[in-house]
Amino acid sequence: MGSSSRGGMSVRLKALSGSLVVFGLAGCGGGAAAGPPAPSPSAAVTQHSTATKPADTPALVPNFDGPVEQEPVSPEGQWVLSQRYRLGVGVTKSPVLSYTHAKRAAANGSADALAWLKAHAEADPFAHFFLGSLYYTNAQGELADKPRGEAMFREALPQLEPRAASGDGDASVLLGVIYEYGIGVTADLTKALRYYEQASAAHNAEAMEVLGDMYYQGRVVTKDLVKAAAWYRRAAEGGSVLGQSKYALVLERGEGVEADKAQAQRWYRKAAEQGSPDAQRNLALTLMSDGKDPDRAREAISWLSRAAAQNDKLALFDLARVHAEGKFLPTDVPRAKELAGRAAELGNERAKQWLALLAEREKCVSQAETKLFDVALSCADRETLRPAIVKNGGNVQREDDSFWYDVYGSKDLLLDSSTLRVGYTRAGDFAVAEYDFGEWVDAGKVDRTIELLEPKYGRAKITRTPESNLATWLRKDGIVIELERTPHNMYLRYFQPARRKVLNEEIAAEKGEQRRREVAKQSQAF
């Protein structure tokens, strides 16, 4: 499950101004998050002012009357949506969201949107704010002018303050942003909190979502997950897309509220349908976690693809992994590398690490001698070996990362064998694969199996004792193959000695810890 914390000081500003805000990766094995992710494309500010705007407006782009299905990702689509919100065509009329999407369009190259913002900035403090945010947040190009942006925020203050005092929730939210991050003024979290509370009292859903963040993280207020969940719920019910996605996340995790996966999916879906890439991604991951139902898998891939189409760096990497693992889609490593490359370009560190590991693995595979199910064992791990075993007919009896060994019924893999056990280190690296041929295997079966293996692996070293027969192949890539017959069983093993040693040490350490816990528990009974 992807999760993340709020980023730098411009995060709230970017959310309100409609920029795509993408945070760090914790799902797929990432670290712990400081708070729920901020579903990005635009903040849903639900209380709107009736500011007077200049009548002259640049011409609208084509397809203005088309359906509104999700957040548009092109500058033209963003510009059209801004005008929809201005006029209330197919959406609830909203000056703030009109400026939000105009700002996004301008940031992505729409000359019409930029001209429109500039035309309105003189008369409307909201337009002044969003034009200032355009200059403040742009990293490059002619619109990158942080000092000018700061100045415009300062200029907006005396116009926003009386509106906030009169109960305008939108104005209060924008003032909260300015003071929370100290843009053009000295940062004052207490004052920011007061403005967010003031906006919430005016039923502003965006402010409720921000208050949820503050209680979730313990910023200015005492950390309280119950209050955070309550604020997220109010924001979600008030129409905040960010609030809906964050409420879904705490429902899924059971943070401050009883865990409810069905309700979490419902809120994720609501936010996803409005274009939130975070919600689209998290909905996809929850659907995938339900198993391998084909309909759910197709829906999950659809949502994940929609998030990736918005250049969400987490979704791009998740989709890359899906293509690489071949669980829900046919394995397509070139496509996986392309998607991971885009995620890496957008700053996804795990995508960068994955690409580096993939390059190492490809080099390892090119030099490997020993393969099982066409997977090079010297550089195999859970992610590559599990799907290969299943694809070749392995009957899954246990695939669980909390156990050291996966277990498969192997009758359809290797004639006369009953079980295949595959062990991985805690890091997920392949350590050993062992076929069990069951009891009462005669000596002739050992000889016939050796004859079967030698054409592929060369002549075996044979060691015979009264208790066992052992055939060994030492491979140049470091893999050892053993065929062992005990008085009652026969085993065929493939293992990497160093990793097998690590695995055994980890198992011994875990068993020792379990024993110590059992002794400590039992000691209380006498």
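Please read these numbers as outputs of a predicted model, since none were measured by experiment.
- When the salt bridge (Lys or Arg N to Asp or Glu O under 4.0 Å) test is applied to Asp416, the partners found at least two apart in sequence or on another chain are Lys445.
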Test side-chain contact (heavy atoms from CB on, under 4.5 Å) on Asp429 and Leu503; report intermediate values, then the result.
CA-CA 9 Å; Asp429 295 320; Leu503 171 63; over 6 Å; no

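- Using a 4.5 Å cut-off on side-chain heavy atoms (C-beta onward), Phe437 and Leu414 make contact.
- Glu513 and Arg516 are joined by a salt bridge, as a carboxylate oxygen and a charged side-chain nitrogen come within less than 4.0 angstrom of each other.
- Side-chain contact between Val432 and Tyr405 is present, with at least one heavy-atom pair separated by less than 4.5 Å.
- To the nearest 0.5 Å, atoms CG (Leu304) and CG (Leu329) are separated by 9.5 Å.
- Judged purely by atom type and a 3.5 angstrom limit, Gln310 uses its side chain to pair as donor or acceptor with the backbone of Gly275.
- The closest donor-acceptor contact from the side chain of Ser245 to the backbone of Leu242 lies at 3.5 Å or more, if one exists at all.
- A 4.5 Å side-chain heavy-atom check between Arg398 and Phe403 finds at least one atom pair inside the cut-off.
- Scored by the salt bridge (Lys or Arg N to Asp or Glu O under 4.0 Å) test, Glu349 finds Lys352 as partners (sequence neighbours excluded).
- A 4.5 Å side-chain heavy-atom check between Glu273 and Trp303 finds at least one atom pair inside the cut-off.
- Pairs passing the side chain to side chain donor-acceptor pair (under 3.5 Å) check and including a residue from residues 502-511, sequence neighbours excluded, read Glu510-Gln514.
- A side-chain hydrogen bond (donor to acceptor under 3.5 Å, both in side chains) with Arg269 is found for exactly one of Gln274, Gln280, Glu299, namely Glu299.
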Residues Val422, Ile389; criterion side-chain contact (heavy atoms from CB on, under 4.5 Å); working and verdict:
CA-CA 10 Å; Val422 185; Ile389 294 172; 3.8 Å; yes

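- Between atom CZ of residue Arg281 and atom CG of residue Leu314 there is a gap of 4.0 Å, rounded to the nearest 0.5 Å.
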Can Asn392 and Leu413 be said to form a side-chain contact (heavy atoms from CB on, under 4.5 Å), step by step?
CA-CA 7 Å; Asn392 281 273; Leu413 294 174; 4.2 Å; yes

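- Ala340 is linked by a side chain to side chain contact (heavy atoms under 4.5 Å, CB included) to Phe317, Ala320, Trp354, Leu355, counting only residues two or more places apart in sequence or in another chain.
- In this structure, Arg321 does not pair ionically with Asp318, as no charged nitrogen and carboxylate oxygen lie closer than 4.0 Å.
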Mind running salt bridge (charged side-chain N to carboxylate O under 4.0 Å, His left out) on Glu383 and Arg361 for me, showing each step along the way?
CA-CA 12 Å; Glu383 292 180 7; Arg361 182 177 297 158; 5.2 Å; no

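- Contact of the Met490 side chain with the Glu484 side chain is not registered, since no non-hydrogen atoms from C-beta on lie closer than 4.5 Å.
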Check: residues 365-373 side-chain donor-acceptor pairs under 3.5 Å, at least two apart:
unit_1: Ser366; atom_1: OG; unit_2: Lys363; atom_2: O; d: 2.6
unit_1: Glu369; atom_1: OE1; unit_2: Lys476; atom_2: N; d: 2.8
unit_1: Thr370; atom_1: OG1; unit_2: Arg475; atom_2: NE; d: 3.1
unit_1: Thr370; atom_1: OG1; unit_2: Asp477; atom_2: OD1; d: 3.2
unit_1: Thr370; atom_1: OG1; unit_2: Asp477; atom_2: OD2; d: 3.2

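- Residues forming a salt bridge (Lys or Arg N to Asp or Glu O under 4.0 Å) with Arg386 (at least two apart in sequence, or on another chain): Asp401, Asp406.
- Under a 3.5 Å cut-off, the side chain of Ser302 and the backbone N or O of Arg298 do not form any donor-acceptor pair.
- Residues Val480 and Trp473 fail the side-chain proximity criterion, which asks for heavy atoms closer than 4.5 Å.
- Sorted by first and then second residue, the disulfide (SG to SG under 2.5 Å) pairs with a member in residues 296-402 read Cys364-Cys379; sequence neighbours excluded.
- The line from OH of Tyr215 to CH2 of Trp231 is 7.5 Å long, rounded to the nearest 0.5 Å.
- The shortest distance between side-chain heavy atoms of Asp381 and Tyr424 does not fall below 4.5 Å.
- With hydrogens and angles ignored, the 3.5 Å screen pairs no side-chain donor or acceptor of Ser110 with any backbone N or O of Ala105.
- A donor-acceptor pair shorter than 3.5 Å cannot be found between the side chains of Glu434 and Tyr494.
- A donor-acceptor pair shorter than 3.5 Å can be found between the side chains of Ser402 and Asp400.
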Verify side-chain contact (heavy atoms from CB on, under 4.5 Å) between Arg426 and Trp404, making sure each step is shown before the conclusion.
CA-CA 8 Å; Arg426 195 184 301 277; Trp404 299 109; 3.4 Å; yes

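- The CZ atom of Arg296 sits 8.5 Å away from atom OG of Ser289, with the distance rounded to the nearest 0.5 Å.
- A donor and an acceptor atom, one from each side chain of Tyr232 and Asp213, are located under 3.5 Å apart.
- With no hydrogens or angles considered, no side-chain donor-acceptor pair links Ser410 and Thr419 at under 3.5 Å.
- Judged as a side chain to side chain contact (heavy atoms under 4.5 Å, CB included), and not counting sequence neighbours, the contacts of Ser418 are Asp436.
- With respect to Glu252 and Lys261, no salt bridge is recorded, no charged nitrogen being found less than 4.0 Å from a carboxylate O.
- A salt bridge links Arg219 with Glu180: the closest approach of a Lys/Arg side-chain nitrogen to an acidic carboxylate oxygen falls below 4.0 angstrom.
- In this structure Gln353 satisfies the side-chain hydrogen bond (donor to acceptor under 3.5 Å, both in side chains) test with no other residue, sequence neighbours excluded.
- Under the side chain to side chain contact (heavy atoms under 4.5 Å, CB included) criterion, Arg515 pairs with Glu518, Val519, sequence neighbours left out.
- For Arg459, the CZ atom counts as loosely surrounded, since its 6.0 Å shell holds 12 or fewer non-hydrogen atoms of other residues, nucleotides or ligands.
- Every residue was checked against the salt bridge (Lys or Arg N to Asp or Glu O under 4.0 Å) condition with Arg499, not counting sequence neighbours, and none meets it.
- The backbone N or O of Ala272 lies less than 3.5 Å from no partner atom in the side chain of Ser276, so there is not a single donor-acceptor pair.
- Taken from CH2 in Trp267 to CG in Asp260, the straight-line distance is 12.0 Å, to the nearest 0.5 Å.
- Within the model, atoms NE2 of His101 and NZ of Lys103 stand 12.0 Å from one another, a figure rounded to the nearest 0.5 Å.
- Judged by distance alone, with hydrogens and angles left aside, the side-chain atoms of Asn348 form no donor-acceptor pair with the main-chain N or O of Ala344 at under 3.5 Å.
- Every residue was checked against the side-chain hydrogen bond (donor to acceptor under 3.5 Å, both in side chains) condition with Glu451, not counting sequence neighbours, and none meets it.
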Evaluate the salt bridge (charged side-chain N to carboxylate O under 4.0 Å, His left out) criterion for residues Glu338 and Arg335: first the C-alpha distance (whole Å), next the side-chain angles of each, then the deciding distance (0.1 Å), finally the verdict.
CA-CA 5 Å; Glu338 176 193 345; Arg335 176 62 172 157; 3.0 Å; yes

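- A donor and an acceptor atom, one from each side chain of Gln263 and Tyr247, are nowhere located under 3.5 Å apart.
- In this structure, the side chains of Asp278 and Asp312 come closer than 4.5 Å at one or more pairs of heavy atoms.
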